[in-house]
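Right, one structure below, let's go through it.
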Amino acid sequence: MKKLPILVANRSIRLVGNIFKLIAYPFHFLLPNLRFTIPEYSSAKLKLSNRSVIPRTIWQTNFTNKCTLPVYMNYLFNRLMSLNCDYRYVSTEARGEYLQKNAQKEVYAAYMRLTNGAAQADLWRLVVLNLEGGVYMDIDATLVWPLDKLIGEENKAIYIKIDNNTRLTNYFIASAPNNQDLQKAIENVLYNIEHYDPSMGVYHSTGPSVLDTLLTDRNDIHTEDRKYVCIQGSFTNEHFQYLDRPRSKWTHINPADLVKNKEE
């Protein structure tokens with residue numbers, strides 16, 4: 001895939017997204033209670049790709065699907081970039097219900113010990129992708145190229161790297177089901193929860209460090225620099241994502257309170 005056009009698209013998307021963010025400040029000042037609804041399910045608008053080793057299904061989650069204008073515009077843009085993919089939004093409550101029904105008991109038990117939604121989403125994304133496959137994206141993530149073309153004929157998984165293509169992250173993961181790397185990541189998260197130390201925090205116990213530690217220096221996995229796949233913060237930011245719950249992002253929590261004791 002030629003990457004110069006993708007890089008140009010990246011820069012253009014950031015510019016357009018920043019314009020929408022600027023517009024959103026006076027918009028929500030004048031209409032402080034107006035919210036938009038991200039659907040729980042949106043079917044593919046075009047014929048699903050025949051290249052379906054990695055299912056063309058986008059998975060997203062957040063504390064609510066009632067969102068501000070920037071978050072909704074980000075959703076609409078991603079749907080434009082994934083017209084031949086299904087879309088599924090899973091609420092906080094539905095995440096727990098899904099794991100209770102589909103995951104092993106120890107996975108659900110570990111999930112229920114987590115007190116922060118971002119940490120819960122970290123574990124849930126690994127499980128749902130391992131069981132069903134598809135593409136997970138954080139709610140503030142933005143595709144920079146049509147998703148079907150990005151995935152192509154990859155038959156296992158695509159991970160992205162940040163910090164000048166040096167560290168793996170988890171805000172975008174594309175995977176076929178039954179991915180043994182994701183299964184190992186789930187096991188590592190469970191271990192971290194069982195042996196949790198506050199110095200780990202969300203980032204190192206359930207978050208990006210889990211994949212980075214597990215898969216770093218592996219030559220048999222497909223990784224891409226994020227700027228050619230999926231970026232964050234183009235259309236939205238912490239202010240608009242958490243407008244109804246100020247300072248509720250995982251970066252503001254007390255790490256000592258992240259994991260409940262088993263008896264609680």
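Counting begins at 1 with the first residue of the sequence. This structure is a prediction, so every number in the text was calculated from the model and none was measured.
- In summary, D225 and K3 do not engage in a salt bridge, as defined by a charged side-chain N under 4.0 Å from a carboxylate O.
- Ion pairing of R56 with D148 is present here, as a side-chain N (NZ or NE/NH1/NH2) and a carboxylate O approach within less than 4.0 Å.
- In this model, no donor atom of one side chain and acceptor atom of the other lie less than 3.5 Å apart for N164 and T166.
- Look at E194 and K262 and you find a salt bridge, because one of the NZ, NE, NH1 or NH2 atoms lies within 4.0 Å of a carboxylate O, short of that distance.
- The pair R226-D163 does not meet the salt-bridge criterion, since no charged nitrogen lies less than 4.0 angstrom from a carboxylate oxygen.
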Please report the C-alpha distance between R14 and N10 in whole Å, then the side-chain angles of each, then the deciding distance to 0.1 Å, and finally whether the side chain to side chain donor-acceptor pair (under 3.5 Å) criterion is met.
CA-CA 6 Å; R14 288 183 184 275; N10 180 327; 2.9 Å; yes
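- None of L211, D212, I160 except one satisfies the side chain to side chain contact (heavy atoms under 4.5 Å, CB included) rule with R167; the exception is D212.
- Considering L123, D122, V189 as possible partners of V210, the one that fulfils the side chain to side chain contact (heavy atoms under 4.5 Å, CB included) test is V189.
- The aromatic rings of Y242 and F63 lie parallel to each other, their planes meeting at an angle below 30°, with 60° marking the opposite boundary.
- You'll find the side chain of K184 reaches within 4.5 Å of the side chain of L214, heavy atoms only.
- Exactly one residue among L150, V135, N74 makes a side chain to side chain contact (heavy atoms under 4.5 Å, CB included) with L143. That residue is L150.
- Note: F36 and Y72 have parallel aromatic rings, judged against thresholds of 30 and 60 degrees for the angle between ring planes.
- The backbone N or O of K156 sits nowhere less than 3.5 Å from a side-chain atom of H222 that would complete a donor-acceptor pair.
- Inspection of the S42 and R79 side chains reveals an N or O donor paired with an N or O acceptor under 3.5 Å.
- Enclosure of atom CZ in F29 is not indicated, since only 12 or fewer non-hydrogen atoms of other residues, nucleotides or ligands lie within 6.0 angstrom.
- Here the side chains of E132 and W59 are in contact, with some heavy-atom distance below 4.5 Å.
- Using a 3.5 Å distance cut-off with no hydrogens or angles, the side chains of Y87 and Q60 do pair a donor with an acceptor.
- For the residue pair H239 / Q241, no side-chain donor-acceptor distance below 3.5 Å is found, with atom types taken as modelled.
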